Every structure is written in C-alpha cells, then in structure tokens.
Amino acid sequence: MRLGLVTGAMLLAVSATTALPAQAETGPRGWCGWEPATDEGTFGNAATFTVPLRTGAGTHCQQIGQASPDDALHYRCFTTDRRGLAWTYLTDLATGVTGWSYSGNLIGNGASLACQ
C-alpha cells in the first residue's frame, strides 16, 4: 500500500510540474504582449466612455493606456479570447499607444479583420 501512495504522489508531482500555464494553453489569443502584423486600416472611436488599452486580448493583461471617445482609433485586427469575446488590436492616434481593447466598447464593435 505504501508503494502505491508513493507512486501516486510522484505521478501527481510530475503532472504538476509539466502543466502549462493558463496563458500558454490558448496560444497567441491569451498571450499578453502579442503584437500581430495584420492591419485592416479602418478607424473608429471608443463608444461612450474611456476604455482601457491592454498588452493582450484579456482583462488579465496589463493596462498600458486608455482611449477616450474623442480619440481617433486605428483598428488593426481582432481576435477572440477563451470565452469567445472579441478584442481589437488598435492604435490610439491621440496618444500613440498601441494595444488591445474589448471590441464591445468600440464604435462598430472594433476591427472586422482577424489577426494573423
């Protein structure tokens, strides 16, 4: 019986050390810092309030700026997060910050071209 417990504990320890972090499971979509090359070249604005700009497509990624409704936004492309929510990669032309914003907070729901 003792051998079975030790073997089971060793397997559990090996499994825990080889598991991938949650961000790596989803590839680029969940990776904070992903900067796709895609550029659809459309423009828009934040809907009706200031929206955060992040280093990746998800609220778990660091906020690096914010866009106000008066800022012109250059939409580059979009991707979806693990929950299926769309995020737009954009540049705020007023501040020069390039990052990700939840597409539901943007005029026209953000970009329409998928990021590559």
Side-chain angles (χ1 to χ4, degrees):
M1 179 73 171
R2 184 164 172 76
L3 181 59
L5 290 175
V6 171
T7 303
M10 287 173 46
L11 286 174
L12 186 58
V14 170
S15 296
T17 59
T18 58
L20 296 174
Q23 291 177 342
E25 291 174 6
T26 60
R29 292 180 183 176
W31 182 57
C32 301
W34 181 38
E35 297 177 3
T38 311
D39 185 357
E40 75 176 34
T42 59
F43 297 86
N45 300 87
T48 58
F49 50 88
T50 301
V51 298
L53 300 179
R54 300 184 177 279
T55 61
T59 57
H60 64 284
C61 295
Q62 178 184 1
Q63 183 174 335
I64 54 173
Q66 57 187 23
S68 73
D70 294 333
D71 295 352
L73 305 177
H74 175 180
Y75 297 164
R76 297 177 178 274
C77 59
F78 82 95
T79 193
T80 54
D81 64 16
R82 292 175 287 195
R83 298 179 299 170
L85 301 174
W87 289 77
T88 294
Y89 187 61
L90 59 85
T91 298
D92 183 333
L93 299 178
T95 64
V97 175
T98 298
W100 294 88
S101 184
Y102 170 63
S103 297
N105 291 337
L106 304 173
I107 296 294
N109 288 314
S112 58
L113 182 65
C115 294
Q116 301 293 317

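All heavy atoms count here, side chains included; hydrogens, waters and symmetry mates do not. These numbers come from a predicted model, not from an experiment.
The shortest heavy-atom contact between Ala67 and Leu53 is N-CG, 4.3 Å. Contact detail for Thr55 and Cys61: the closest heavy-atom pair is OG1-CB, 3.4 Å. Residue Ala57 comes nearest to Thr79 through the heavy atom pair CB-CG2, 3.7 Å, listed as atom of the first residue, atom of the second, then distance.
Arg76 and Thr91 are linked by a side-chain donor-acceptor pair at a separation below 3.5 angstrom, with hydrogens and angles left out of the test.
Within the structure, the side chain to side chain donor-acceptor pair (under 3.5 Å) test picks out the following pairs touching residues 62-73 (sequence neighbours left out): Ser68-Asp71.
Residues meeting the side chain to side chain contact (heavy atoms under 4.5 Å, CB included) test with Glu35, sequence neighbours left out: Tyr89.
Expressed to the nearest 0.5 Å, how far OG1 of Thr98 lies from CG of Leu93 amounts to 8.5 Å. A distance of 13.0 Å separates CG in Asn105 from CG in Asn45, rounded to the nearest 0.5 Å. With rounding to the nearest 0.5 Å, the separation of CG in Leu90 from CZ in Phe78 is 14.0 Å. Separation of atoms CZ (Phe43) and CD1 (Ile107) is listed at 15.5 Å; rounding is to 0.5 Å.
Side-chain contact between Tyr102 and Val51 is absent, with no heavy atoms from C-beta onward closer than 4.5 Å.
Of the possible donor and acceptor atoms, none in the side chain of Thr88 sits under 3.5 Å from a partner among the backbone N and O of Ser103. Put simply, the side chain of Thr38 gets close to the backbone of Gln116: a donor and an acceptor are under 3.5 Å apart. Looking only at distances, a side-chain donor or acceptor of Trp100 sits under 3.5 Å from a matching main-chain atom of Trp34.
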Worked check of side-chain contact (heavy atoms from CB on, under 4.5 Å) between Ser101 and Leu106: CA-CA 8 Å; Ser101 184; Leu106 304 173; 4.0 Å; yes
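When the side chains of ILVMFWY residues are joined at heavy-atom separations under 4.5 Å, either directly or via intervening members, Phe49 and Leu85 end up in two distinct hydrophobic clusters.
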